[in-house]
Amino acid sequence: EQPKQLKGQFLMLASANAHETIFPGGAFRLGLVDGWMSLMSVFTRGYSLTHTLPEIMKHEALSDWYKTVEADAYLDKVKWPTVHLTAWWDIFAGHHIKAFNGLRAKSSPESR
């Protein structure tokens with residue numbers, strides 16, 4: 001259920017499909033994921049490298065583990081306006097376009 005404080009969302013340079021981003025075509029995207037987790041370790045006090053990355057590596061196959069971070073599964077629950085920010089060379093541009101199209105098709109009519 002939507003928290004009453006939620007009036008909208010701003011999606012910036014983000015993936016709408018974690019598994020597809022981490023394992024495109026089944027291949028692990030080492031440079032991207034390891035680099036991101038290393039950068040995030042500065043903000044997570046190392047948690048992203050010691051816990052998150054090993055957990056990702058345990059879930060190479062697409063499974064229910066990804067459901068909480070897959071936007072596709074929640075598009076029909078969106079009842080608020082959304083702003084997308086992506087860039088021409090953004091590796092997530094395709095995800096933003098897919099999410100935008102999905103929101104246009106599945107979100108509540110008031111938020112379109």
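Residue numbers start at 1 and run along the sequence shown.
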Rounded to the nearest 0.5 Å, how far apart are [atom1] of [X] and [atom2] of [Y]?
X	Y	atom1	atom2	value
Asp76	Leu103	CG	CG	10.0 Å
Leu85	Phe92	CG	CZ	13.0 Å
Leu49	Ser38	CG	OG	4.5 Å
Arg104	Thr82	CZ	OG1	11.5 Å
Thr52	Trp36	OG1	CH2	12.5 Å
Thr86	Leu11	OG1	CG	10.5 Å

Following the transitive rule for hydrophobic clusters with a side-chain heavy-atom cut-off under 4.5 Å over Ile, Leu, Val, Met, Phe, Trp and Tyr, establish whether [X] and [Y] coincide in one cluster.
X	Y	result
Val33	Leu62	yes
Leu39	Leu30	yes
Leu75	Leu6	yes
Ile56	Phe43	yes
Met37	Trp65	yes

Any idea which heavy atoms bring [X] and [Y] closest together, and the distance?
X	Y	result
Ala16	Ala99	CB-CB, 4.1 Å
His96	Ala14	NE2-N, 3.1 Å
Ala61	Tyr66	O-CE1, 3.8 Å
His95	Thr21	NE2-OG1, 3.2 Å
Lys79	Ser108	CA-OG, 3.3 Å
Ala93	Ala87	CB-O, 3.9 Å

Flag the pair Ser15 / Glu20 as yes when at least one side-chain heavy-atom distance between them is below 4.5 Å, and no otherwise. no
Given side chain to side chain contact (heavy atoms under 4.5 Å, CB included), test His59 with His19 step by step and report yes or no. CA-CA 9 Å; His59 295 92; His19 186 266; over 6 Å; no
Using modelled atom types and a 3.5 Å cut-off, is there a donor and acceptor pairing between side-chain atoms of Lys7 and backbone atoms of Lys4?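 Side chain of Lys7 to backbone of Lys4, a donor-acceptor pair under 3.5 Å: yes, one is there.
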Please check: side-chain N/O of Ser107 versus main-chain N/O of Ser111, any donor-acceptor pairing under 3.5 Å? no
Would you call the rings of Phe23 and Phe28 parallel, tilted or perpendicular, taking 30° and 60° as the class edges? tilted
So, Lys67 and Glu70, do they make that salt bridge, N to O below 4.0 Å? no
Go through the steps to decide whether Asp90 and Trp88 satisfy the test side chain to side chain contact (heavy atoms under 4.5 Å, CB included), and finish with yes or no. CA-CA 6 Å; Asp90 178 9; Trp88 187 261; over 6 Å; no
